[in-house]
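First listed ligand is number 1; within each ligand, the first listed atom is number 1.
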Amino acid sequence: MTSLLKSLSCADDYDPESLNAERARQLILGLVEPLSGVERVGVRDALGRVLAEDVVSTMNVPGHDNSAMDGYAVRFADLTTDGETVLALAGTAFAGRAFAGRLGPGECVRIMTGGVIPAGADTVVIQEVVRTEGDRIVVPAQQRPGQNVRRAGEDLRAGTPAIRAGKRLHPAELGLIASLGIGEVAVRRRPRIAFFSTGDELCSIGSPLREGEVYDSNRYTIHGMLARLGCEIVDLGVVRDDPAAIEAAFRRAAAEADAIVTSGGVSVGEADFIRDLMTQLGEVAFWKIAMRPGRPMAFGRIGSDEKAAWLFGLPGNPVAVMVTFYEFVRDALLKLSGVAPLEPLPRFRVPCVSPLKKRPGRSEFQRGILFRENGEWKVRATGAQGSGVLRSMSEANCIIVVGHARGNVEPGEPVDVQPFEGLI
Ligand code: AMP
Ligand code: MG
C-alpha cells in the first residue's frame with residue numbers, strides 16, 4: 001500500500017484537527033482512482049451505469065436532410081426575392097415516405113416535419129404563409145435560403161463520439177444510443193461497497209427495543225444512498241462495540257469490497273479501539289472537519305497488500321451520516337465508478353427567509369425547504385436542526401450550505417442551496 005497518510009499530511013494547509021470541508025473533499029478525490037473492470041450490457045440495463053468506452057456514431061443523425069416544419073420544399077433559386085412566386089405542386093414527402101423524384105424548376109413538394117428533403121430542393125416554406133390555388137402554391141417574398149431544413153449529420157456525424165467514456169448514463173443517453181441502432185454498450189464494473197453500523201445501543205428492526213436502545217436507521221439511509229449511486233451493496237448489518245467483532249467485520253469488508261462505509265465509533269471518547277483497529281488494519285486519517293454536522297470522520301485504506309479497500313468512517317448521528325455521505329462519499333464513489341469529468345453538485349443562490357445561527361470558521365449544512373413565493377424561489381430552514389433529527393432530512397428538499405467564513409444569516413439574505421433531487 002502506498003503511504004497514504006504521508007501523502008495526506010504532505011499536503012500544505014493539512015490540519016487533521018480542523019480540516020476545511022472543501023479541503024477534505026479534495027484530499028479524498030485526489031487519492032481515489034477509478035476501478036478497472038468492464039462489462040457489456042443491453043441499453044436498458046445501462047441506465048445509471050458509467051460508460052467505459054466512447055459510443056461512436058455509426059451514422060449521420062439525422063440520416064438525411066429533412067424538414068423542421070410542415071410546409072413546402074422548394075428550390076430557393078426559383079423564388080422571386082421581392083414578390084410572390086407561383087410553384088406547381090409535384091407531390092408529397094411525409095415522414096417515412098419520401099418523394100421519389102427530383103424537383104424540377106418551378107416545382108414544390110408538400111412536406112411534413114421529418115420528411116426527407118427531395119432531391120433538388122433546399123428550402124422549406126412553412127404552410128402558414130403560403131396560399132394554395134388548386135395545384136399551385138403561392139409563396140410570399142422574403143424567404144431565406146436553407147430555412148427550416150435540418151441537415152444530415154447536424155446532431156451527430158458518422159465516426160465522431162456521440163457519448164464520451166466516463167459519462168453516467170441517463171434516459172437521454174439510452175435514447176441517444178438507441179437512435180444509433182446500438183443495442184449494447186461497454187460499462188464499468190459497479191463498485192462493491194460494504195457497510196456496517198457500529199454501536200451497542202443499536203437494535204435491528206424486527207426486534208423489540210430495550211431500554212436505551214435505538215433502531216439502526218443508518219443501515220437504511222446508507223443502503224438507499226449506495227443504491228442510488230448504482231453500487232453493489234454488501235450489508236454487514238450491526239456490529240457490536242466489541243474489538244473482535246469489529247475486526248472481523250473490517251477484515252471481511254476489506255476482502256470483499258472496493259470501499260467500506262461505517263457509521264459510529266469515530267468520535268472522541270467513543271470506544272477508542274475502533275480507531276486503533278482502523279489504524280492497525282491499514283492507513284487511516286482521523287479528521288475533525290470544520291463542519292456541522294459531521295465533525296469527526298475517518299478516511300483511509302485498510303486491508304492487505306493484495307486486497308485493500310477505501311474506508312469512510314462516518315459519524316454515528318443519522319443526519320451527520322447523510323451530510324458527510326453527500327459531501328464526501330458520494331463524489332468519491334462516483335470517481336471510483338469511473339465517472340469523468342466529475343462535476344461538483346450544482347448550488348443555487350436564493351434568499352433565505354429564516355434567520356440562521358452560524359459560527360464563522362466552519363461550514364454548516366442545514367436542512368432547508370425550497371419553496372416558491374410570488375414566482376420567486378426561496379428557502380426556509382426546517383425546524384429542529386439537531387444532527388440526530390432524521391425527520392429534518394425527510395422534511396427538507398435541499399441542504400442550505402453556509403460557507404466557512406460566514407456568520408449568522410439574517411432573514412432575506414442569500415444562501416447557497418443544494419437540491420436533493422434532480423429530474424426523475
Ligand atoms: P456515535 O458516533 O457512535 O457516538 O453515535 C452518535 C449518535 O448517533 C448516538 O446517539 C448513536 O446512538 C446514534 N447512532 C449511531 N449509530 C446509529 C445508527 N446506526 N442508527 C441510528 N442512530 C445511530
Ligand atoms: Mg457508537
Side-chain angles (χ1 to χ4, degrees), residues 16-17 19 21 24 193-228 231 233-250 252-253 257 259-279 281 284-300 302 311-329 362 364-367 384-396:
E17 284 301 303
L19 195 57
I193 314 299
F195 73 100
F196 57 88
S197 311
T198 67
D200 281 339
E201 76 283 24
L202 301 180
C203 174
S204 294
I205 53 178
S207 307
L209 273 187
R210 285 185 307 218
E211 177 81 23
E213 287 187 336
V214 294
Y215 282 117
D216 174 11
S217 59
N218 291 344
R219 183 177 186 177
Y220 295 87
T221 45
I222 292 173
H223 174 96
M225 292 186 291
L226 290 174
R228 277 281 182 103
C231 299
I233 298 170
V234 183
D235 180 349
L236 299 179
V238 175
V239 181
R240 302 273 140 226
D241 286 323
D242 162 63
I246 298 213
E247 179 170 351
F250 273 134
R252 187 175 155 202
I260 306 164
V261 178
T262 64
S263 70
V266 289
S267 53
V268 187
E270 252 227 314
D272 281 336
F273 60 85
I274 297 187
R275 301 164 60 105
D276 290 347
L277 250 178
M278 286 182 181
T279 340
L281 296 173
V284 180
F286 293 90
W287 290 339
K288 288 195 186 116
I289 299 177
M291 69 184 279
R292 204 169 107 129
R295 196 162 128 83
M297 184 177 144
F299 169 70
I302 64 170
L311 171 71
F312 299 90
L314 307 185
N317 268 314
V319 176
V321 163
M322 296 197 76
V323 169
T324 48
F325 192 102
Y326 286 150
E327 299 304 321
F328 307 114
V329 185
R362 68 181 183 204
E364 290 201 9
F365 300 85
Q366 304 207 6
R367 274 68 70 208
Q385 292 279 330
S387 60
V389 188
L390 198 51
R391 187 166 60 92
S392 69
M393 258 339 249
S394 169
E395 278 172 8

Side chain, backbone, both or neither: Leu202 near ligand 1, heavy atoms under 4.0 Å | side chain

Interfacing atoms of ligand 1 (cut-off 4.0 Å, heavy-atom, Tyr215) | 20 (N), 21 (C)

Provide the number and element of each atom of ligand 1 under 4.0 Å from a heavy atom of Glu201.
-> 11 (C), 12 (O), 15 (C)

Hey, is Gly199 one of the residues with a heavy atom under 4.0 angstrom from ligand 1?
-> no

Minimal non-hydrogen separation, Gly199 against Val238, with atom names = O-CG1, 4.1 Å

State the atoms of ligand 1, each with its element, that fall below the 4.0 Å cut-off from a heavy-atom position in Asp216.
-> 18 (C), 19 (N), 20 (N)

Hey, does Pro315 come in under 3.5 Å of ligand 1, counting only N/O atoms on both sides?
-> no

Could you tell me whether the side chains of Asn218 and Ser197 share a donor-acceptor contact shorter than 3.5 Å?
-> no

Using a heavy-atom cut-off of under 4.0 Å, does the side chain or the backbone of Pro296 touch ligand 1, or both, or neither?
-> neither

Per-atom contacts of ligand 1 with Ser197, taking only distances under 4.0 Å to non-hydrogen atoms | 19 (N)

Does Arg219 reach ligand 1 with a nitrogen or oxygen that is under 3.5 Å from one of the ligand's nitrogen or oxygen atoms?
-> no

Would you check, one step at a time, whether the test side-chain contact (heavy atoms from CB on, under 4.5 Å) holds for Phe195 with Leu226?
-> CA-CA 10 Å; Phe195 73 100; Leu226 290 174; 3.7 Å; yes

Can you name the ring-ring contact (aromatic ring centres under 6.0 Å, His included) partners of Phe250, sequence neighbours left out?
-> Phe196

With sequence neighbours left out, write down each residue that passes side chain to side chain contact (heavy atoms under 4.5 Å, CB included) with Ala290, or none if nothing qualifies.
-> Ser18, Arg362, His404

Check for a donor-acceptor pair, side chain of Arg240 on one end and backbone N or O of Asp200 on the other, with a separation under 3.5 Å.
-> yes

Establish, yes or no, whether a centroid distance under 6.0 Å links the rings of Phe312 and Phe328.
-> no

Is Gly265 close to ligand 1, meaning an N/O of one under 3.5 Å from an N/O of the other?
-> yes

